[in-house]
Colleague: 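So that we are looking at the same thing, I have put the structure below in structure tokens.
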Amino acid sequence: MNQPSIPIELEINDYFEKAFEDKLIPNNCYIDKSKTGLGLTYAEFHTDRHSIIVIPGLNIIEDKCISYKHKFPLKVWDETNVEDISRYITNCKSFMKIVTTPEGFSKIIESAIEIDKLDWLYANVFCFLDEAHCYATDIYRKGILTPFKYFWEFDNKALGTATYFDYSDPRFASLTDYKIKYAKPFGIVKIVEHEKPMEVLHHFLTHPEMFGGNVHIFFNSVKLIRSAIDNAKLKDVNVFCRDDESNKNTLGDYVKYFRPRPTSEIFKKFNFYSCRYNEGWDLFDDASCTMILVTDKGVKHSLVPVEYKGFQAVGRLRSNVKINDKPLIIKPEGIYHITNTLGIDDNETKSFPYLKEKWLSEAEVHVQYYNILQMACLKENISPSDLSRNLIRDISKIKNGIAYMYPMKIDQQLCKEYCRQTYNNKHTLGRAWKMRNYDIEYVSYDVNPIDYKGKSSRQINEEIIQIWEDYRNNPDSYKYGIADRSIKSLKHKHSKLNNCYMNLGNIRCRELEYDLKDMIAELTQLSNSNQEKNVRSLLRAKLTEGGFYSRNLLKTIIEEIYLTLEWKKSDGSSAKPTAKTVAKHGIILTPKSKILDGKRIQGFIVTYDD
């Protein structure tokens, strides 16, 4: 069991030396720095000791080697010649700074063996694994776990990350954990949940006036980046992704917007980044810029782990202004996460400890079963099937035919499941961002669509009224999309229901169980009651007390008044009055007939009831 972590409290613009005043990464530790850009890599480059610095991205290594070229670092990756490494180790006049990808680590070991310096390497070189979460998150990289074949052999070693992962290998318990803490949140993430994230993105791209400065969009799909550019007819745009033929072919005509390396001098209004740029580099811009993470359940590789890759992406911003030769940490104008969700309830979301225990227990059972099967196969002089091997391939090591649990591989499966369920619903997303010290706001691009199938009219009415109610009470939650247009459409389509809601209110509609007939009847009664005084006043203005009025004339007078005041029947339709209808509005009618122009006319003598 790991020892309790040692807490260190910092302010938002504090750097590594504030946490560790000797400016040294402590030996045999695991640093949870909680925030990107603390300066661990910078510190190790400037420490007077031999170092192997492991960084997951080759592009980031190249940037670091340029930034710290005065330290004469050596870039190593899986295509580096062993001889070049051996020559560097042998001829280095100062402190070695070997910067390698995880996959390139074995080249260093191979070179040390070749020049008979392996023991020296383990005893005298500090091994630092930066972005330590990547060994759990980057399950798709075949050689990502290469450093852990050798890491524990080093006398002097450490790991660091802004997105801590609690690894299962019991050897991690021998390391001292440091937890950097910040009292204030890093900012506010606005979660824009919509079934079609590309629609939301299109709205943002076609409304550049929404954003004060540049917009940096992290979207791990070059194909959909191309579609977004095409649909929005963008020209003021960059695309930063891996420089390979596949990506360039995918971009097609829009390859002209491809850029090999992001720098502030070439930023455009809209700047797209693939997952290659989610971590490990500094994005220099000003506080007017906006950071956007786009994920889509329909494109699985776009569903980057929010707790790791997502957090890393939106935390890249740095100011060009420096304090003590360190860039000032600033907050962007806005941070958005545009996404859809899996629609899975909270009660199906499992905790990290639960999943960890589950994966370790199941892995143990699978390994035991495989070894029993292996022994049986040996007796029968046959080999285990590929199916059996595949069942344990991702959770174990096999040596001399015997399977052994491999905690690092198990952690990859655990991390994959744990991060996937972050997308269960908007609340699981919100909790993931809060866990990384961000406040959140839920923003709606559009109102939820109404599913009319299999529902009663009362259920539909209730659903529609709740949409109107939420829109009315939370206008700021809908200001970034097309909800206003949808609300107007709903009001037009359900005009009678809207009239009832606007005049009776949600509470009364609920009391009437959202029955449209009953709501209309009550609204009509209320409306007519409010208009009664006006009907009486108009009748007395048009009818002289004691005067004689024919039936037809009385009917015409009351019809005109009803039409003017929009008097309704109980079902909400227009009323069709008769001559005698005036008697309902304070007029006493006494039947009378008169001969006019030689004809007997039936009518009434009019008297006021007061």
Side-chain angles (χ1 to χ4, degrees), residues 2 4-12 30-38 131-138 159-168 172 177-193 218 275 278-279 291-295 297 303-317 329 331-332 334-339 341-342 344-359 411-443:
N2 289 7
S5 61
I6 298 174
I8 300 174
E9 295 185 2
L10 297 182
E11 297 297 328
I12 195 75
Y30 186 3
I31 300 175
D32 177 4
K33 57 184 184 176
S34 298
K35 182 179 70 66
T36 61
L38 184 66
E131 309 294 354
H133 60 278
C134 75
Y135 302 103
T137 60
D138 292 10
L159 307 92
T161 179
T163 47
Y164 182 89
F165 186 89
D166 183 15
Y167 287 102
S168 303
F172 276 85
D177 278 5
Y178 291 92
K179 170 67 176 176
I180 310 295
K181 295 184 177 181
Y182 298 87
K184 296 180 180 179
F186 300 144
I188 300 173
V189 175
K190 296 180 174 69
I191 299 174
V192 189
E193 183 197 6
F218 297 86
C275 192
N278 276 17
E279 54 202 352
M291 312 291 278
I292 300 177
L293 174 67
V294 183
T295 53
K297 66 182 180 183
L303 291 182
V304 297
V306 169
E307 302 90 330
Y308 301 98
K309 305 288 187 180
F311 170 85
Q312 292 272 349
V314 303
R316 304 260 56 88
L317 182 62
I329 305 298
K331 294 181 180 180
I335 304 174
Y336 298 87
H337 184 183
I338 300 172
T339 190
T341 59
L342 302 174
I344 299 174
D345 291 338
D346 266 3
N347 57 13
E348 296 185 45
T349 304
K350 307 302 181 185
S351 68
F352 185 89
Y354 173 89
L355 291 175
K356 187 173 187 177
E357 182 179 353
K358 185 197 82 165
W359 273 103
D411 282 339
Q412 290 180 337
Q413 301 299 326
L414 158 64
C415 182
K416 182 179 178 181
E417 182 176 358
Y418 177 70
C419 293
R420 172 78 175 176
Q421 65 179 8
T422 294
Y423 290 93
N424 280 356
N425 55 69
K426 71 176 184 179
H427 301 294
T428 51
L429 274 173
R431 287 196 293 271
W433 285 111
K434 286 181 178 179
M435 184 181 77
R436 294 303 185 195
N437 199 34
Y438 276 99
D439 289 334
I440 60 163
E441 288 181 11
Y442 295 113
V443 177

Colleague: CG/Asn425 to NE2/His427 distance, rounded to the nearest 0.5 angstrom?
Modeller: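 It is 6.0 Å, given to the nearest 0.5 Å.
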Colleague: Is a donor on one side and an acceptor on the other found under 3.5 Å between the side chain of Asp411 and the backbone of Ser168?
Modeller: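 Answer holds: yes.
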Colleague: Roughly how far, to the nearest 0.5 Å, is CD1 of Ile335 from CD1 of Ile191?
Modeller: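 One gets 11.5 Å once the value is rounded to the nearest 0.5 Å.
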Colleague: Using every non-hydrogen atom in the two residues, find where Ala136 and Cys415 come nearest and quote the distance to one decimal.
Modeller: O-CB, 3.8 Å
Colleague: Between atom OH of Tyr438 and atom CD1 of Ile440, what is the distance when rounded to the nearest 0.5 Å?
Modeller: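 Going from the OH atom of Tyr438 to the CD1 atom of Ile440 covers 13.5 Å.
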Colleague: Could you tell me which non-hydrogen atom of Arg436 sits nearest to which non-hydrogen atom of Ala162, and how far apart they are?
Modeller: NH1-O, 4.3 Å
Colleague: Less than 3.5 Å apart, which donor and acceptor atoms pair up between the side chains of residues 309-316 and the rest of the protein, not counting sequence neighbours?
Modeller:
residue	atom	partner	partner atom	Å
Lys309	NZ	Asp138	OD1	2.8
Lys309	NZ	Glu279	OE2	2.5
Gln312	OE1	Arg316	NH1	3.3
Gln312	NE2	Glu131	OE1	3.4
Gln312	NE2	Thr163	OG1	3.3
Arg316	NE	Trp281	O	2.4
Arg316	NH1	Gln312	O	2.8
Arg316	NH2	Trp281	O	3.1

Colleague: Working to the nearest 0.5 Å, report the span between OG1 of Thr349 and CD1 of Ile344.
Modeller: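 So the OG1 of Thr349 and the CD1 of Ile344 are separated by 7.5 Å.
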Colleague: For the NZ atom of Lys190 and the OH atom of Tyr442, what is their distance to the nearest 0.5 Å?
Modeller: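 Taking NZ in Lys190 and OH in Tyr442, the distance rounds to 14.0 Å.
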Colleague: On a heavy-atom basis, which atom in Leu10 and which in Tyr182 lie closest, and how many Å separate them?
Modeller: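 Residues Leu10 and Tyr182, closest heavy atoms: O-CD2, 3.4 Å.
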Colleague: Do Phe172 and Leu159 have side chains that approach each other closer than 4.5 Å (heavy atoms only, starting at C-beta)?
Modeller: yes
Colleague: Can you establish whether the number of heavy atoms outside Lys181 located under 6.0 Å from its atom NZ is more than 12?
Modeller: no
Colleague: Identify the heavy atoms of Gln412 and Tyr135 that sit nearest to each other, and give their distance.
Modeller: NE2-O, 3.1 Å
Colleague: Tell me yes or no: between the side chains of Ser34 and Lys179, is some donor less than 3.5 Å from an acceptor?
Modeller: yes
Colleague: Less than 4.0 Å between a side-chain N and a carboxylate O, is that true for Glu417 and Lys350?
Modeller: no
Colleague: Is the shortest heavy-atom distance from the side chain of Lys356 to the side chain of Asp166 under 4.5 Å?
Modeller: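 Sidechains of Asp166 and Lys356: in contact.
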Colleague: Tell me whether Thr295 contacts the main-chain N or O of Leu303 through its side chain, where contact means a donor paired with an acceptor under 3.5 Å.
Modeller: no
Colleague: May I ask you to check whether over 12 heavy atoms, not counting those of Lys297, lie within 6.0 Å of atom NZ?
Modeller: yes
Colleague: A side-chain contact here means heavy atoms from C-beta on lying under 4.5 Å apart; do Leu429 and Thr422 qualify?
Modeller: yes
Colleague: Looking only at atom types and distance, does a side-chain atom of Asn424 sit under 3.5 Å from a main-chain N or O of Thr341, one as donor and one as acceptor?
Modeller: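 No, because the side chain of Asn424 does not come within donor-acceptor range (under 3.5 Å) of the backbone of Thr341.
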Colleague: Hey, what do you get for CG (Asp32) to OG1 (Thr161), rounding to the nearest 0.5 Å?
Modeller: 7.5 Å
Colleague: Asp345 side chain to Asn347 main-chain N or O, any donor-acceptor pair under 3.5 Å?
Modeller: no
Colleague: Under the side chain to side chain contact (heavy atoms under 4.5 Å, CB included) criterion, do Lys35 and Asn437 qualify, and how do the steps go?
Modeller: CA-CA 9 Å; Lys35 182 179 70 66; Asn437 199 34; over 6 Å; no
Colleague: In sequence, state the C-alpha distance, the side-chain angles, and the governing distance for Val306 and Thr339, and then conclude on side chain to side chain contact (heavy atoms under 4.5 Å, CB included).
Modeller: CA-CA 11 Å; Val306 169; Thr339 190; over 6 Å; no
Colleague: Do side-chain atoms of Tyr308 reach the backbone of Thr137 as a donor and acceptor pair under 3.5 angstrom?
Modeller: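 Such a contact is absent between Tyr308 side chain and Thr137 backbone.
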Colleague: If you compare all heavy atoms of Thr428 against all heavy atoms of Gln421, which two are closest, and at what distance to 0.1 Å?
Modeller: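 So the minimum-distance heavy-atom pair works out to OG1-O, 3.6 Å.
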Colleague: Please say whether more than 12 non-hydrogen atoms of neighbouring residues, nucleotides or ligands are located less than 6.0 Å from CZ in Phe352.
Modeller: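 Yes - once you tally the heavy atoms of other residues, nucleotides and ligands closer than 6.0 Å, there are more than 12.
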Colleague: Are the side chains of Asp177 and Tyr164 in touch, meaning some heavy atoms are under 4.5 Å apart?
Modeller: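 Yes, at least one pair of side-chain atoms sits under 4.5 Å.
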Colleague: Tell me whether the count of non-hydrogen atoms from other residues, nucleotides or ligands lying under 6.0 Å of CD in Glu348 goes above 12.
Modeller: yes
Colleague: Decide if the gap between the ring center of Phe165 and the ring center of Tyr30 is smaller than 6.0 angstrom.
Modeller: no
